[in-house]
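This report concerns only the one structure given below.
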Amino acid sequence: MGLKKYIISSILLIVIIGGYVFSLDANEYTIKILDYELTLLIAVWAIVPTGLLLVFTILHILFYGFRNFLETRAIEKDEENIINLIKDFLLENKSKQKFKTKVFSDLSSVLMQMNLSSVKDFKSDNEELNTIVSVINQINEGEYVSIKNMKFNPHGNVHKKNILNKINSDIDFALEVVKKTNTYSKEEIKCAFNRILEEKSMTTIKKITPAMDLDKEMVLALFQKDKEEADFSIGLEEIKRYAKMSNFTKNDYIALVKLYKDTFTPDEIIKMSEELSNDEDLALDAYLYILFEFEMLDEVRELLNACADDEYTAFKALIDLKDNGKHYSLDAINYKN
């Protein structure tokens with residue numbers, strides 16, 4: 001029964017009771033409390049309790065109805081908030097959603113520990129969630145997707161992965177990245193640089209590298225590209241500059257002269273090795289290595305004689321072997337030091 005019908009029925013019942021009592025006794029009755037007296041018809045006194053019951057019943061119904069209304073609103077709001085929380089989670093944004101009901105608060109804690117973006121066949125009644133998960137899956141599969149209107153966290157993994165996908169699929173964008181190093185992360189710049197090394201000639205590469213801050217890995221990749229296009233070499237001076245800038249180790253310098261050994265003439269590679277060793281003590285191993293390669297043993301002896309007894313022992317052992325008719329190369333004795 002609705003509230004309106006209940007009130008009408010109750011009033012009708014009160015009227016009937018009052019009328020019936022009045023038909024039995026039309027007299028009045030007086031109630032005295034202290035100095036206060038109240039005189040009413042007996043019929044009125046008969047319906048007072050029923051009337052009061054009606055009033056309190058209506059108040060009770062209204063109170064719990066209003067409370068149920070608030071609880072329903074809280075559930076509806078929490079349902080909306082849980083969807084927004086999932087969106088924030090997928091977009092890798094910090095969520096500010098608050099929950100009024102314990103069940104949704106507990107549910108949010110569980111959902112935040114799940115990786116919804118990895119579900120390939122994700123489906124829900126919310127099309128926006130379906131779209132976000134679909135886009136994430138496309139990005140994870142290596143596809144670039146325009147996400148300007150999706151509010152992904154610009155510092156999140158999905159956004160970064162999408163940028164890398166664009167770099168790998170668009171060489172012009174890769175060139176733009178290396179020209180705006182203050183805008184992109186080191187990982188993105190390195191990825192763009194490697195793509196340029198794969199796609200562009202040394203003529204293009206030599207134009208962009210002077211303004212870039214190359215790490216050792218990037219320098220080694222540059223040297224490999226330079227070797228493959230020797231006709232457009234970056235030149236000995238640039239090679240020395242990049243090597244010194246990258247804090248090469250002994251083994252890095254040896255790897256460098258090995259890389260260019262067959263690209264440069266003997267005089268050029270010897271000159272480069274010598275100049276590197278003059279600028280950096282760690283490059284002396286590489287210079288000794290190249291002298292051994294070209295059997296310039298007198299120069300090797302001269303250099304080794306100027307060193308302490310416990311220095312360059314591998315080279316000293318190798319020269320002793322050669323002096324005794326044992327012909328080994330430095331690579332043959334697995335030089336690591």
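Note: hydrogens, waters and symmetry copies are ignored here, and every other heavy atom, side chains too, is used.
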Return the [atom1] to [atom2] distance between [X] and [Y], rounded to the nearest 0.5 Å.
{"X": "Ile83", "Y": "Asp78", "atom1": "CD1", "atom2": "CG", "value": "12.0 Å"}
{"X": "Leu129", "Y": "Lys123", "atom1": "CG", "atom2": "NZ", "value": "15.0 Å"}
{"X": "Ile196", "Y": "Ile208", "atom1": "CD1", "atom2": "CD1", "value": "4.0 Å"}
{"X": "Ile269", "Y": "Lys258", "atom1": "CD1", "atom2": "NZ", "value": "12.5 Å"}
{"X": "Leu214", "Y": "Ile189", "atom1": "CG", "atom2": "CD1", "value": "10.0 Å"}
{"X": "Ser246", "Y": "Leu222", "atom1": "OG", "atom2": "CG", "value": "9.5 Å"}

So, for [X] and [Y], which heavy atoms are closest and what is the spacing to 0.1 Å?
{"X": "Ile132", "Y": "Lys87", "value": "CD1-CG, 4.2 Å"}
{"X": "Glu188", "Y": "Ser185", "value": "OE1-N, 2.9 Å"}
{"X": "Leu54", "Y": "Ile11", "value": "CD2-CG1, 4.1 Å"}
{"X": "Glu143", "Y": "Asn165", "value": "O-ND2, 2.9 Å"}
{"X": "Ile171", "Y": "Arg195", "value": "CD1-O, 3.7 Å"}
{"X": "Ile239", "Y": "Phe264", "value": "CD1-CZ, 3.7 Å"}

Measuring only between side-chain heavy atoms, which start at C-beta, is [X] closer than 4.5 Å to [Y]?
{"X": "Met212", "Y": "Met218", "answer": "yes"}
{"X": "Val135", "Y": "Gln138", "answer": "yes"}
{"X": "Phe152", "Y": "Ile136", "answer": "yes"}
{"X": "Phe315", "Y": "Leu303", "answer": "no"}
{"X": "Val300", "Y": "Leu288", "answer": "yes"}
{"X": "Val178", "Y": "Tyr184", "answer": "no"}
{"X": "Val177", "Y": "Phe173", "answer": "yes"}
{"X": "Asn126", "Y": "Ile86", "answer": "no"}

After noting the C-alpha distance and the side-chain angles of Phe66 and Leu62, does the key distance pass the side chain to side chain contact (heavy atoms under 4.5 Å, CB included) rule?
CA-CA 6 Å; Phe66 181 68; Leu62 291 175; over 6 Å; no

Carefully, step by step, assess Lys261 and Val257 under the rule side chain to side chain contact (heavy atoms under 4.5 Å, CB included).
CA-CA 6 Å; Lys261 182 178 63 174; Val257 297; 6.0 Å; no

If the threshold is 4.0 Å, N to carboxylate O, is there a salt bridge linking [X] and [Y]?
{"X": "Lys240", "Y": "Glu237", "answer": "yes"}
{"X": "Lys225", "Y": "Glu228", "answer": "no"}
{"X": "Lys102", "Y": "Asp106", "answer": "yes"}
{"X": "Glu268", "Y": "Lys271", "answer": "no"}
{"X": "Asp252", "Y": "Lys216", "answer": "yes"}

Have a look at Tyr253 and tell me which of Phe223, Phe248, Tyr260 forms a ring pair (Phe, Tyr, Trp, His ring centres under 6.0 Å) with it.
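Single pass found, and it is Phe248.
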
[X] side chain to [Y] main-chain N or O, any donor-acceptor pair under 3.5 Å?
{"X": "Ser134", "Y": "Asn130", "value": "no"}
{"X": "Asn305", "Y": "Arg301", "value": "yes"}
{"X": "Asn162", "Y": "Val145", "value": "yes"}
{"X": "Glu280", "Y": "Lys244", "value": "no"}

Same apolar cluster (I L V M F W Y, side chains within < 4.5 Å links), [X]/[Y]:
{"X": "Leu291", "Y": "Leu259", "result": "yes"}
{"X": "Tyr6", "Y": "Phe63", "result": "no"}
{"X": "Tyr144", "Y": "Ile139", "result": "no"}
{"X": "Val55", "Y": "Ile8", "result": "no"}
{"X": "Leu52", "Y": "Ile33", "result": "yes"}

Decide if the gap between the ring center of Tyr64 and the ring center of His60 is smaller than 6.0 angstrom.
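Close enough - the centres of the two rings lie under 6.0 Å apart.
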
Can you tell me if [atom1] on [X] sees more than 12 non-hydrogen neighbours from other groups inside 6.0 Å?
{"X": "Tyr20", "atom1": "OH", "result": "no"}
{"X": "Asp125", "atom1": "CG", "result": "no"}
{"X": "Lys77", "atom1": "NZ", "result": "no"}

Given Lys96 and Asp88, is the side chain to side chain contact (heavy atoms under 4.5 Å, CB included) satisfied, shown in steps?
CA-CA 9 Å; Lys96 297 180 180 179; Asp88 289 336; over 6 Å; no

Using side chain to side chain contact (heavy atoms under 4.5 Å, CB included), reason through Met202 and Asp226 one step at a time and then give a plain yes or no.
CA-CA 7 Å; Met202 283 302 299; Asp226 186 47; 3.7 Å; yes

